[in-house]
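I have placed the structure first, in the form of structure tokens, so that the comments after it can refer back to it.
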Amino acid sequence: MIDIKLIREQREFVKKEMEKLFVPVQIDEIYEFDESKRKLLYDTECLRNTRKILSKEIAAEKNEEVILAKKNEVKRINELIKTQEDELSAIEQKLNALMLNVPNLPDSDVPVGRDETENVVVSYFNAKKKFDFKPKTHFEIGEKRDLIDFERGVKISGTRFYVLKKGFAKLQRALINFMLDTHITYHDYEEVYPPYMVNEACLVGTGQLPKFSDTLYKDDDSGLWFVPTAEVPVTNMYRDEIIDIKMLPIKHAAYTACFRKEKMSAGKDTRGIKRGHQFDKVELVKITTPETAKDELFNLINDVQDILNRLDIPHRLVKICTGDLSFSAKEKYDVEVYAPGMDEWLEVSSCSNFGSFQARRANIKFKRDKNSKAEFVNTLNGSGLALPRVMIAIIENYQTKDGYIRIPNSLKPYFGIEEFI
RNA sequence: GGAGAGAUGGCCGAGCGGUUUAAGGCGGCGGUCUUGAAAACCGUUGAUGCUUAAAACAUCCGGGGGUUCGAAUCCCUCUCUCUCCGCCA
């Protein structure tokens with residue numbers, strides 16, 4: 001949620017900034033609702049104050065007639081309060097619903113652009129590998145060598161599900177451990193293992209709800225939702241808390257499965273393991289003060305890239321333009337790996353700075369010292385990394401002419417004596 | 001799933017219809033004393049809204065609803081926690 005005071009005090013500025021996102025936002029409606037809410041709130045508070053005073057007078061009064069008169073007076077006031085409160089809560093509900101659908105304001109140095117075609121490639125890392133044969137796709141290798149079973153995945157669960165087998169199942173498990181170990185040992189993150197199912201408040205807190213409910217899986221019976229990313233449970237660990245500044249920055253690394261309906265892209269990317277309804281991911285989450293958030297974003301990107309450097313995977317860093325920013329982000333960088341079999345750049349991580357947007361929704365604050373006022377923290381996160389696409393990158397970059405996969409050096413401690421899959 | 005108990009400020013804990021603008025303790029912060037520290041003593045100690053800020057005012061005793069002139073306190077309801085039993089990776 002953005003600060004409603006910005007709409008109150010700098011309405012034209014907010015409208016101008018929102019235009020850069022190329023989505024309609026109802027700023028004027030919000031302004032009107034806010035105005036009437038404040039007026040009504042003030043009036044109601046005055047009435048409550050009068051009632052309070054009268055009640056005290058009744059308690060002190062001895063004269064029965066005066067008591068009766070005052071009682072009737074309060075009854076009359078109560079009726080007024082009741083109508084005003086009903087009106088007030090109706091307005092507040094509408095205002096809140098509108099505010100929850102307002103995206104974050106873009107940071108001043110995000111390039112302005114309409115859609116993903118106007119994203120900016122910042123730079124390239126690790127040279128593309130040279131092949132003396134035509135590199136195969138991961139799904140060709142996977143099917144040929146019985147390492148990915150697409151048919152049985154569909155039989156068990158339906159389209160966009162698959163079964164990893166033997167060396168590929170082990171490769172994914174090794175990668176999860178390698179990523180977590182690296183972040184914990186070298187990048188100073190604290191490991192957490194969160195629930196895969198969360199209540200509704202969590203998803204409102206990080207910004208998936210109410211707007212994107214059609215992309216999420218839900219168990220109607222319990223009212224719990226399956227997490228689309230570990231960002232949701234990990235950030236919400238601190239929901240409704242006031243954190244001591246000495247604890248900041250908080251840095252968590254978490255492995256979870258992620259569940260997404262991927263409705264929007266039905267029919268697209270159906271080949272391979274690039275886009276499934278269930279995938280594994282190691283996620284990095286940071287909670288910081290506002291003044292350190294920018295630096296922490298770049299540190300986060302470095303931590304993400306370090307994994308790819310240790311695996312020697314060619315990749316590039318892309319700065320996301322205003323029109324392609326996600327709903328909650330004020331600034332975002334994507335990390336994309338190169339898959340030579342598919343001849344495609346694949347997004348393996350999205351690193352975002354949310355400013356105070358999520359903190360305001362989830363009510364996460366910090367105090368500079370004992371007597372200072374609580375302020376909203378800033379939240380950040382990035383994948384570190386998404387497993388299927390890193391798998392694709394390793395399979396396709398490390399393949400041999402006869403369809404085997406060489407194990408990258410940094411993964412060898414996780415494979416024992418094996419040299420190939 | 002069955003039976004019972006409970007939910008109060010950072011923590012513990014009183015409070016059972018109107019001096020509660022929530023007692024008392026612990027912890028935290030500031031001070032006195034001290035070479036320094038401890039102890040002791042004194043003071044202070046939440047959130048939200050409105051407000052340039054402060055003051056004032058309003059709201060907050062798990063959530064929602066009700067009774068009453070007035071609710072932390074009474075009633076209904078939901079959620080959660082704990083104890084015991086049953087079931088189960």
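Proteins come first, then strands; the chains are lettered A, B, ... in the order of their sequence lines, and each starts at number 1. Since we're looking at a predicted model, the values are computed, not measured.
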(request) Quote, to the nearest angstrom, the P distance that separates B:G6 from B:C75. (result) 12 Å

(request) Name the closest nucleotide to the A:Arg38 side chain, picking from B:C50, B:G49, B:U21. (result) B:C50

(request) Check the distance between B:U48's C1' and A:Asp240's CG and give it to me in whole angstrom. (result) 12 Å

(request) Specify the separation, in whole Å, of atom NZ of A:Lys246 and atom P of B:G10. (result) 17 Å

(message) Between B:G64 and B:C57, how far apart are the two C1' atoms, rounded to whole Å?
(response) 26 Å

(message) Within the structure provided, determine whether A:Ile364 and A:Thr235 are in side-chain contact (heavy-atom separation under 4.5 Å).
(response) yes

(message) Say we look at B:G10 and B:U83: how far apart would their C1' atoms be, to the nearest angstrom?
(response) 27 Å

(request) Looking only at non-hydrogen atoms, find the nearest pair between A:Val304 and A:Leu385 and report the distance. (result) CG1-CD2, 3.3 Å

(request) Keeping the roles fixed (side chain from A:Arg239, backbone from A:Ala362), state whether a donor-acceptor pair exists under 3.5 Å. (result) no

(request) Would you mind telling me which of B:C69, B:A47, B:U21 lies closest to the side-chain atoms of A:Lys71? (result) B:C69

(request) State plainly whether the residues A:Arg8 and A:Asp3 are in salt-bridge range, i.e. N to O under 4.0 Å. (result) no

(request) Using heavy atoms and a sub-4.0 Å distance, could you list which residues of residues 77-89 of chain A are near RNA chain B? By number, please. (result) A:Asn78

(message) Looking at A:Lys367, I'd like to know whether one of its side-chain N or O atoms comes within less than 4.0 Å of OP1 or OP2 on B:G10.
(response) no

(message) Using whole Å, what does the distance between atom P of nucleotide B:G18 and atom CD of A:Glu57 come to?
(response) 18 Å

(request) Using atom CG of A:Asp244 as one end and atom C1' of B:C29 as the other, report the distance to the nearest whole Å. (result) 13 Å

(request) Considering only atom P, compute the distance from B:G15 to B:A3 and round it to an integer number of Å. (result) 30 Å

(request) Identify whether any heavy atom of A:Lys70 sits under 4.0 Å from a base atom; if not, whether one sits that close to sugar-phosphate; answer base, sugar-phosphate or nothing. (result) nothing

(message) Side chain of A:Arg8 only, heavy atoms from C-beta on: which candidate in B:C69, B:U51, B:A47 is closest?
(response) B:U51

(message) Check this one for me: any side-chain N or O of A:Arg76 less than 4.0 Å away from OP1 or OP2 of B:C69?
(response) no

(request) May I have the distance from A:Ile91 (atom CD1) to B:G49 (atom P), rounded to whole angstrom? (result) 19 Å

(message) For A:His183 and A:His187, take the angle between the two ring planes, folded into 0 to 90°, and tell me which bin it lands in: parallel under 30, tilted 30 to 60, perpendicular over 60.
(response) tilted

(message) Taking B:A56 as the reference, what is the distance to B:G62 when you measure between their P atoms (whole Å, please)?
(response) 27 Å

(request) Take the protein atom CD of A:Glu65 and the nucleotide atom P of B:C69, then report the distance between them rounded to whole Å. (result) 18 Å

(message) Can a donor-acceptor pair be found, under 3.5 Å and without considering hydrogens, that links the side chain of A:Glu396 to the backbone of A:Ile392?
(response) no

(message) Please check: side-chain N/O of A:Gln399 versus main-chain N/O of A:Lys136, any donor-acceptor pairing under 3.5 Å?
(response) yes

(request) Rounded to whole angstrom, note down the C1' distance from B:A14 over to B:U73. (result) 13 Å

(message) On RNA chain B, compare the nucleotides closest to A:Asn363 and A:Val74; which residue's is nearer the 5' end?
(response) A:Asn363

(message) In whole Å, I'd like the distance from the CZ atom of A:Phe33 to the P atom of B:G49.
(response) 21 Å

(request) Taking the side chain as every heavy atom from C-beta outward, state whether A:Tyr414 and A:Asp181 have any atom pair closer than 4.5 Å. (result) yes

(request) Scan A:Leu54 against the nucleic acid and name what it touches under 4.0 Å (heavy atoms): base, sugar-phosphate only, or nothing. (result) nothing

(message) Tell me whether A:Ser36 contacts the main-chain N or O of A:Phe33 through its side chain, where contact means a donor paired with an acceptor under 3.5 Å.
(response) yes

Every protein N/O within reach of nucleotides 53-58 of chain B N/O, cut-off under 3.5 Å:
from  : atom 1 : to      : atom 2 : distance (Å)
B:C57 : O3'    : A:Asn49 : ND2    : 2.8
B:A58 : OP1    : A:Asn49 : ND2    : 2.5
B:A58 : O2'    : A:Arg48 : NH1    : 3.2

Side-chain atoms of residues 319-329 of chain A: list all donor-acceptor pairs with protein atoms under 3.5 Å, sequence neighbours left out, distances to 0.1 Å.
from     : atom 1 : to       : atom 2 : distance (Å)
A:Lys319 : NZ     : A:Asp109 : O      : 3.1
A:Lys319 : NZ     : A:Tyr333 : OH     : 3.2
A:Thr322 : OG1    : A:Lys20  : O      : 2.7
A:Thr322 : OG1    : A:Gly113 : N      : 3.0
A:Thr322 : OG1    : A:Gly113 : O      : 3.2
A:Asp324 : OD2    : A:Asn119 : ND2    : 3.0
A:Ser328 : OG     : A:Thr206 : O      : 3.3

(request) Look only at the side chain of A:His277 and the backbone of A:Lys261, and say whether a donor-acceptor pair between them is shorter than 3.5 Å. (result) yes

(message) Taking salt bridge (charged side-chain N to carboxylate O under 4.0 Å, His left out) as the cut-off, I'd like each qualifying pair that reaches into residues 94-104 of chain A, sequence neighbours left out, listed once.
(response) none

(request) Report the distance from atom CZ of A:Arg51 to atom CG of A:Asn78, rounding to the nearest 0.5 Å. (result) 5.0 Å

(request) Round to the nearest Å and state the distance from A:Glu92 atom CD to B:U59 atom P. (result) 14 Å

(request) Rounded to whole angstrom, note down the C1' distance from B:G9 over to B:A5. (result) 24 Å

(request) With sequence neighbours excluded, tell me which residues meet salt bridge (Lys or Arg N to Asp or Glu O under 4.0 Å) with A:Asp188. (result) none

(message) Give the dot-bracket line for RNA chain B from 5' end to 3' end: parentheses for intra-strand Watson-Crick or G-U pairs under 3.5 Å, square brackets for crossings, | for inter-strand pairing, dots for unpaired.
(response) ((((((((.[[[..)..(.....]]]((((((.......))))))((((.......)))).[[[[[..)....]]]]])))))))....

(request) Take A:Lys37 and A:Asn72, find for each the nucleotide of RNA chain B with the closest heavy atom, and name the residue whose nucleotide sits nearer the 5' end. (result) A:Lys37

(request) Could you please name the option among B:G49, B:C69, B:C50 that lies closest to any side-chain atom of A:Leu41? (result) B:G49

(message) If I pick the C1' atom on B:C60 and the same atom on B:A71, what distance separates them, to the nearest angstrom?
(response) 14 Å

